[in-house]
Protein chains: 2
Amino acid sequence: MFSVSARTQYGIRALAYLARTPGWEAIGAQIAEAEGISPKYLEGILTRLATAGLVRSERGKNGGYRLAKPPGGIVMAEVVAALDGEVRPVDCVDSLGICDHDSSCRSRRFWIGLKFAIDEYLGNRTLADIIEEGADPVSTR
Amino acid sequence: MFSVSARTQYGIRALAYLARTPGWEAIGAQIAEAEGISPKYLEGILTRLATAGLVRSERGKNGGYRLAKPPGGIVMAEVVAALDGEVRPVDCVDSLGICDHDSSCRSRRFWIGLKFAIDEYLGNRTLADIIEEGADPVSTR
DNA sequence: CTTTTTCCTATCGGGATAATAGGATTATAT
DNA sequence: ATATAATCCTATTATCCCGATAGGAAAAAG
């Protein structure tokens, strides 16, 4: 339940690799090789991350990918949204009129509450929390 | 992302129906009819809920299903686990040795943290929170 | 012993995911 | 210019899971 796609896991690995790399830049093949990800599949992942503004890409010789911001500015909620879409336990979380029991639906509020809980967690962690050594992420709050 | 299966949504509807029913008992066909769920598919759902001890079933004439406990005792975390399994963002949350970067893996802790956040939310809501009218669930805590 | 109900097993179609392939585009360097 | 090295784009495939369906077996009541 609530399992994360390989795409998202690959994406986080790629971002973490970039964050560890001098200048935060590398070429796709290099990331794929180092992280053991299918190069062609990784391409699509990096494209999504670039579209979301988390990564910058440059084509042609001497091209490659680099983090668009420092790791502390890359919020995990954005990463997840870029790769697997917004957190949406049920379809009616953001659009009404899907079922006939409209806005008084109790379970809808239940799922919206879950969405908030997840979004709050993901919104308060950054790539820096993932790559840094030491205590648990944001344990100091 | 993090979408809930139709199975779980159906299951919650069925539980809510039982909770609203006098004596908390009804037959499968009746629930399916009232909630607009495929009867045969609902069978499997109710079987799962019965196996998990959330619902009691009785076969034969005058048989049917009933809640095994009062709605306030049916924790949503159990419901979700019975229908879609435990919350497990990544496979390595409860078993090590899946990847080679064992227990020092930072992203593993990240996902475990997310699991805890979800489990805490689901563990603090019951069926009673879903069926009752009024304010948001557990807003009084 | 008939009826009513849950239980068990098997199958099927659709959709998404992960992966692969081939080429088109862009930019650098020589 | 031209070769090279990289991202970008589009399409295809294989596989798995889910939602749904079907047919019957088992059990309990009357």
Side-chain angles (χ1 to χ4, degrees), chain A residues 1-14 18 21 23 25-68 80 82-86 88-91, chain B residues 1-14 18 21 23 25-33 35-68 80 82-85 88-91:
Chain A
M1 187 59 181
F2 294 128
S3 61
V4 170
S5 70
R7 182 163 56 216
T8 290
Q9 297 181 56
Y10 291 164
I12 293 175
R13 299 235 300 272
L18 285 175
T21 302
E25 60 192 355
I27 69 174
Q30 176 185 343
I31 305 173
E33 159 75 20
E35 294 293 330
I37 304 170
S38 157
K40 278 294 198 180
Y41 190 51
L42 181 61
E43 275 187 24
I45 292 171
L46 289 167
T47 297
R48 283 172 183 252
L49 293 172
T51 303
L54 303 174
V55 152
R56 295 192 146 193
S57 61
E58 226 148 350
R59 311 219 284 190
K61 211 165 185 176
N62 293 352
Y65 300 95
R66 54 173 305 161
L67 295 187
V80 167
L83 296 171
D84 271 356
E86 285 290 326
R88 186 185 303 176
V90 292
D91 283 344
Chain B
M1 188 59 179
F2 295 127
S3 62
V4 170
S5 70
R7 183 162 54 212
T8 290
Q9 297 182 56
Y10 291 165
I12 292 175
R13 298 235 302 272
L18 286 175
T21 303
E25 60 193 353
I27 69 175
Q30 176 185 344
I31 304 173
E33 160 75 21
E35 294 293 329
I37 305 170
S38 157
K40 278 294 198 180
Y41 190 49
L42 182 60
E43 276 187 23
I45 292 171
L46 289 166
T47 298
R48 283 172 184 252
L49 293 172
T51 303
L54 303 173
V55 151
R56 294 192 146 193
S57 60
E58 226 148 349
R59 312 219 283 190
K61 211 165 185 176
N62 294 351
Y65 300 94
R66 54 177 306 166
L67 295 186
V80 168
L83 296 172
D84 271 356
R88 186 186 302 175
V90 292
D91 284 345

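Throughout, protein chains are lettered first and strands after them, A, B, ... in sequence-line order, and every chain is numbered starting at 1.
The CG-P distance, from B:D91 to C:dA18, rounds to 12 Å in whole Å. The separation between B:L42 atom CG and C:dT6 atom C1' is 12 Å, rounded to whole Å. B:E35 places its CD atom 18 Å from the C1' atom of D:dA20, with the value rounded to the nearest Å. The interatomic distance linking A:Q30 (CD) with D:dA5 (P) rounds to 15 Å, in whole Å. To the nearest angstrom, P of D:dC18 lies 12 Å from CD1 of B:I45. Separating the CZ atom of B:R48 from the P atom of C:dC8 is a distance of 13 Å, rounded to the nearest angstrom. The CZ-C1' distance, from B:R56 to D:dA27, rounds to 17 Å in whole Å.
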Sequence-aligned protein contact record of nucleotides 6-15 of chain D, with B where the base is within under 4.0 Å of a protein heavy atom and S where only the sugar-phosphate is: BBBB------
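Here the CD atom belonging to A:E33 is positioned 9.5 Å from the CD atom belonging to A:Q30, to the nearest 0.5 angstrom. Atom CG in B:L42 sits 11.5 Å away from atom NZ in B:K40 (nearest 0.5 Å). Interatomic distance, B:L54 CG to B:L83 CG, rounded to the nearest 0.5 Å: 8.0 Å.
Of the possible donor and acceptor atoms, none in the side chain of B:E43 sits under 3.5 Å from a partner among the backbone N and O of B:G28. No donor-acceptor pair closer than 3.5 Å links the side chain of B:E25 to the backbone N or O of B:G64.
Phosphate proximity of D:dG19 to B:Y10: absent, as no side-chain N or O sits under 4.0 Å from OP1 or OP2.
Shown here are the side-chain contact (heavy atoms from CB on, under 4.5 Å) partners of A:T51, two or more places apart in sequence or in another chain: A:T47.
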